[in-house]
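Just so it is clear: chains get the letters A, B, ... in the order the sequence lines come, proteins before strands, and each one is counted from 1. Values in this document were obtained by computation on a predicted structure and should not be read as measured data.
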Amino acid sequence: MAKKQIERPPVPDLFETLKSSKKEVWAIAGGKGGTGKSFIAANVGVALSKMGKRVLLVDADLGCANLHTFLGVEPTATLSDFINGKIKSIDKVLTPTDLPNLMLISGACDFLEIANPKHTQKNRLIRRIQDLSFEYIILDLGAGTGFTLLDFFLSADTGILSVLPEPTSIENTYRFIKSAFYRRFKKMAKDPKVKELIIAAMNEKNELGIRTPHDLLDHVASIDNEMGQKMKEAVLTFSPKVIVNQVRSRDDMTLGFSMRSACAKYFGIKVDYVGYIEYDDYVWMATKKKTPLILERPYAPAARCLNQVVSNLINRDELKLDSILKM
Amino acid sequence: MKEEGALLAAPCFKGVKLKRIENQDYYQILEVPYKASWGEIQKAYELAKTTYSKGAMASYSLFDFTERGRILDKIEEAYHVLSHPEKRRKYDQALASFIPESASVPWRPNTPNSAPPLSPPAPIVHTETGVVTSATVTKVAVENEIVTGQTLKLLREKKGVSLQEISERTRINISYLELIESNSYGSLPAPVYMMSYLKQYAKIIALDSTIMEEYMKGYQRWCDSPRQR
Ligand SMILES: Nc1ncnc2c1ncn2[C@@H]1O[C@H](COP(=O)(O)OP(=O)(O)O)[C@@H](O)[C@H]1O
Ligand SMILES: [Mg+2]
């Protein structure tokens, strides 16, 4: 799929016929650059569309968009054009791909100031993207823990975190999880005293002695019991999915289970370990050729892993500890 | 993860209901379902030890030395009870009175295919405590003169572990395990392999290694006997 001009199908008509009530938004983040977010987003999109699903990939990495490169297409319009109002209708920003039911909304690297759009722009964007008639909408979020990114992540039906089996990546993932649900708490809180508490708790060396989310929620409950309860409920519904990418050993594969346990014991949240993706030289070969791995090498180890991950995501299933420890 | 209405769609959150570890039951501490099999508990325990070991990637940035130590203590405590059929049964009975769902799928050792009883499980009558101490073993060994396959079977059943579980955990073909327990010396693999098999078998059911040495002696004697030459 080298760069080529693909004739655009009549997009607006497509939308009229693609009215679908069932829709899922999956957001892929990971706290750190280079953990394979774009690679995973592109291939998950391809895998779903190969199953006959209508899929939209959105490159929401407004700082450094490169999802189009993984797909080998050249976008004519980008998300920035929509955000800054140059293009009024979101379906005019769609770029077709080699697969008939896979579309892309590309991001752009050249509008760095756009990486933090205003609140109203952001809401409009989230709403417009959710309005589109696709069965699956996959957001490739960039690195970091900016508010925009966290809001995208929280507004998705499924939040997916891609982690590398190395300390820095894991640290960043935990920081991301912490930021995400403190962000959510802050949006729930109305009482300024509760808001203050949450901001204070974000600092790990706070004077209130708040170490874990448990401590924070106990503090909140002591000010406003009802809010404390609400936040506890919010924690229970926050259940991000973890993918461990570039695994090279069985210990790397087990890491997802260990992270799941650590998250349960520390944050009190249930993380789902949806699978690992092997480190695979075919990935960079496919990346170099600007072709999604699943199309280029459908039977490569990493492609098989991706299919397993997609199947778990669709079925809301998890990897089983048995499948690794038994080997 | 939607802001509103998410509660209704909340995934069934079986494990930690946002309780601090001090307030969790043993199943929640080990993160296994109430009906967990012996094998599941074993694996969860191994995983937990890895997860909270010194410097472990998944936990070092969330817990300091003391917190990790406390978690490991809790895990040991939970495992000590849940890995032991009799202790687990007693614990389950106590738990059922305040966590009804823990009793909804009764767990019973060694009955993987039988239908679960409708009412709370009938108490299993144990004549002994079920603890396999060296003393018990020595007693058995002395009574039988040597440790045979029957001895191993007896000890294994006391622990509530099925052959299937041992086979799954060790990857030793179940038919070999059956041959070991039925003393079918003639069909057993060579002593070098047997040593390794027996070691793994012993490890799984936490048997004293001397028992296995005793069993090997019997096998070796048979191998060395004149009719083998
Ligand atoms: N499983 C894998 N095996 C080998 N290389 C990989 C794998 N996953 C990702 N890569 C490579 O790592 C690099 C970074 O991936 P990318 O998706 O761009 O990261 P991100 O979007 O998180 O910044 C890419 O060159 C990609 O080809
Ligand atoms: Mg990227």
Taking side chain as everything from C-beta outward and backbone as N, CA, C, O, which of these in [X] sits under 4.5 Å from a heavy atom of chain A? Side chain, backbone, both or neither.
X	result
B:Glu67	side chain
B:Ala44	backbone
B:Leu62	both
B:Thr51	both

Toward chain B, the part of [X] with a non-hydrogen atom under 4.5 Å:
X	answer
A:Asp215	both
A:Phe257	both
A:Arg175	neither

For the residue pair A:Lys265 and B:Tyr52, establish whether any side-chain heavy-atom pair is separated by less than 4.5 Å. yes
Any salt bridge between [X] and [Y], counting N to O under 4.0 Å?
X	Y	value
A:Lys187	A:Asp151	yes
A:Lys241	A:Asp272	yes
A:Arg250	A:Asp252	no
B:Arg20	A:Asp218	yes

Counting heavy-atom pairs under 4.5 Å to chain B, which of A:Arg211, A:Met259, A:Lys178 comes out on top? A:Arg211
Cation-pi check, A:Arg248 to A:Tyr279: give yes when NZ or CZ is under 6.0 Å from the six-membered ring centre and within 45° of the ring axis, no otherwise. yes
